[in-house]
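What you see is a predicted model, and the numbers here were worked out from it, not measured in a lab.
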2 protein chains.
Amino acid sequence: MRCGNPWAHQRLVAEGLRITEARRIILNILSKTSKHLSAEDIYFLVRGINPSIGFATVYRTLDLLTRMGMVQKFDFGDGKARYELIEGSRKDAHHHHLVCTKCRKIVNYTDFVDEEKELIKKTEDALAKKHRFDIKSHIIHFYGLCETCRSEDKNHNPSLGKLSM
Amino acid sequence: MRCGNPWAHQRLVAEGLRITEARRIILNILSKTSKHLSAEDIYFLVRGINPSIGFATVYRTLDLLTRMGMVQKFDFGDGKARYELIEGSRKDAHHHHLVCTKCRKIVNYTDFVDEEKELIKKTEDALAKKHRFDIKSHIIHFYGLCETCRSEDKNHNPSLGKLSM
DNA sequence: CCCCCTAATGATAATAATTCTCATTATCAT
DNA sequence: ATGATAATGAGAATTATTATCATTAGGGGG
Ligand SMILES: [Mn+2]
Ligand SMILES: [Mn+2]
Ligand SMILES: [Zn+2]
Ligand SMILES: [Zn+2]
């Protein structure tokens, strides 16, 4: 059972879980992208490789990997969840997000993580002590308008746009 | 048209929107709590005050207030959105969240915002410049186990619990 | 205070994402 | 290779949220 991802393979085996084709394919897809794929996105990519794999299995697998802590599930404000493999499998490190509220573009950023990392760590420790939490992870999202959407807005901007119902 | 919230009242009027009973009630509910209410939670509270108000109006109002920037919509990982009034109406300031992934308890924290605020600001500025974004808001969530859930876990913890499918 | 325009609403149907069910299949320890 | 059973595929079911549309009520002008 050749698997492109020895790290992920081991984690599954360590939990007594089986290495199935669906899991292999999904892990491969996730490890090859830095995009933020929805379950449906992943389903279509999976079915391009093996059309016999079902949608439910994609959901089940994403949920499993999320519960195992190998995948992080995000909500960026459109109706659907997005998934991303966590460091350990892909080599690029933990990062935060910049989200355009208009066109839904998502930017991963790892800049400034030096200072940021330090403060996050400090905050985590202090919060853990103060609120008696065992902190496992965090999510940091900045929301705004990307360059494109910002300039588009400058033109036709009647106060606040279509706000009424 | 007495309204418990002059600030909110003005914002609505300024946009040419009507001050309806549903809006008044919902704004009042939101301004009286620091909980993280779902649309359904709010619907039941609303109907305790005026049972003739419909669920759709609750959704519409929450969406309107969110688009106006008076309410922030959150996803804490359970299937439903949660809503919180933004500073300006309630007097307590912007805050971040600590979420227990087991019992779903949510803690608002405003501790450490001094250092945090500074870094957030710095990060925002740097990101705005680097990625040409006009940043409007951010969300910071820490996930982990609260004290209760942590100690419960210590007892019966077969490796990783019910992980399989 | 009354009228009128129309934004806003209530009831309910419709959507869309996600989860569940159950018969069948495939993984893997033996 | 075989058996126990974890995992799957297909599709039904569930659930949160949104759309539709006839009716109501907010509020400016008289
Ligand atoms: Mn990312
Ligand atoms: Mn909060
Ligand atoms: Zn954009
Ligand atoms: Zn807890």
Side-chain angles (χ1 to χ4, degrees), chain A residues 1-3 9-10 12-27 36-44 46-47 49-68 71 73-83 160 162-165, chain B residues 1-3 8-10 12-27 36-44 46-47 49-68 71 73-83 104 160 162-165:
Chain A
M1 27 244 35
R2 195 72 53 257
C3 175
H9 185 288
Q10 297 213 22
L12 288 169
V13 170
E15 292 296 338
L17 300 167
R18 294 177 177 176
I19 311 297
T20 66
E21 168 148 44
R23 289 172 183 173
R24 244 179 287 131
I25 292 177
I26 290 171
L27 280 165
H36 304 84
L37 303 172
S38 67
E40 194 184 22
D41 295 336
I42 293 167
Y43 171 60
F44 284 123
V46 166
R47 89 166 353 207
I49 296 168
N50 181 337
S52 76
I53 289 170
F55 210 155
T57 296
V58 172
Y59 270 108
R60 278 187 290 236
T61 302
L62 290 170
D63 179 60
L64 176 73
L65 296 174
T66 300
R67 281 182 291 127
M68 290 181 69
V71 160
K73 183 180 182 181
F74 290 106
D75 170 75
F76 290 116
D78 59 340
K80 53 196 73 168
R82 314 246 155 205
Y83 301 85
L160 266 173
K162 293 274 151 332
L163 202 55
S164 62
M165 316 186 83
Chain B
M1 26 258 22
R2 195 70 54 259
C3 176
H9 185 288
Q10 298 212 20
L12 288 169
V13 171
E15 293 297 337
L17 299 168
R18 293 180 179 175
I19 312 296
T20 67
E21 169 149 42
R23 288 172 183 171
R24 246 180 287 131
I25 293 176
I26 291 172
L27 279 165
H36 303 85
L37 303 172
S38 66
E40 195 184 22
D41 295 335
I42 293 167
Y43 171 60
F44 284 123
V46 166
R47 91 164 352 208
I49 297 168
N50 181 338
S52 75
I53 290 171
F55 209 156
T57 295
V58 172
Y59 269 108
R60 277 187 292 236
T61 303
L62 290 171
D63 179 58
L64 176 72
L65 296 174
T66 300
R67 282 181 290 127
M68 289 180 70
V71 160
K73 184 180 181 180
F74 290 106
D75 171 76
F76 290 116
D78 59 340
K80 54 197 71 170
R82 315 245 153 204
Y83 301 85
R104 301 259 160 233
L160 267 172
K162 294 272 150 331
L163 203 53
S164 64
M165 317 188 81

Report task. Report the distance from atom CG of B/Asn50 to atom P of D/dG26, rounded to the nearest whole Å. Result -> 11 Å

Requested in this report: For A/Leu37 and C/dA17, give me the distance from atom CG to atom P, rounded to whole Å.
Outcome: 15 Å

Query - N/O (side chain, B/Ser38) to phosphate O (OP1/OP2, D/dA16) under 4.0 Å - result: no

Query raised in the report: If only atom types and distance count, is the side chain of A/Arg82 paired as donor or acceptor with the main-chain N or O of A/Phe74 below 3.5 Å?
Result: no

**Report entry** Base-pairing assignment for C/dC1 (Watson-Crick or G-U wobble, both under 3.5 Å)
**Finding:** D/dG30

Requested in this report: For B/Asp63 and B/Thr66, test the side chains for any donor-to-acceptor distance below 3.5 angstrom and give the result as yes or no.
Outcome: no

Query raised in the report: How long is the line joining OH of B/Tyr83 and P of D/dA16, in whole Å?
Result: 12 Å

Query raised in the report: Heavy-atom contacts under 4.0 Å between residues 57-64 of chain A and DNA chain C, which residues?
Result: A/Tyr59, A/Arg60

Report task. Would you kindly give the CD1-to-C1' distance between B/Ile19 and C/dA8, to the nearest whole Å? Result -> 12 Å

Query raised in the report: Looking only at atom types and distance, does a side-chain atom of A/Arg23 sit under 3.5 Å from a main-chain N or O of A/Leu65, one as donor and one as acceptor?
Result: no

Requested in this report: Give a yes or no on whether a donor-acceptor pair under 3.5 Å exists between the nucleobase atoms of C/dA8, that is its base, and the side chain of B/Arg18.
Outcome: no

Query - Rounded interatomic separation in angstrom, taking OH from B/Tyr43 and P from C/dT9 - result: 14 Å

**Report entry** Most 5' of B/Gly16 and B/Ala56 on DNA chain C, judged by nearest nucleotide
**Finding:** B/Gly16

Query raised in the report: Whom does D/dA19 pair with, Watson-Crick or G-U wobble, provided both distances fall under 3.5 Å?
Result: C/dT12

Query - A/Lys80 NZ to C/dT15 C1', straight-line distance once rounded to whole Å - result: 12 Å

Query - Position toward the 5' end of DNA chain D (nearest nucleotide), B/Gly79 or A/Glu21 - result: A/Glu21

Query - From CD1 (A/Ile53) to CZ (A/Arg47), nearest 0.5 Å - result: 10.0 Å

Query raised in the report: Which residue, B/Lys73 or B/Thr20, contacts DNA chain D at a nucleotide closer to its 5' end, judged by nearest heavy atom?
Result: B/Lys73

Report task. Hey, could you give me the OG1/CD distance between A/Thr57 and A/Glu21, rounded to the nearest 0.5 Å? Result -> 11.0 Å

Report summary line: Separation of C/dC28 atom C1' from A/His9 atom NE2, nearest Å, is 11 Å

Query raised in the report: Which distance, rounded to the nearest 0.5 Å, do you find between the CG of B/Asp41 and the OH of B/Tyr83?
Result: 11.0 Å

**Report entry** Ring geometry between A/Phe55 and A/Tyr43 (parallel below 30°, tilted from 30 to 60°, perpendicular above 60°)
**Finding:** parallel

Query raised in the report: What's the CZ-P distance between A/Arg24 and D/dT8, to the nearest Å?
Result: 11 Å

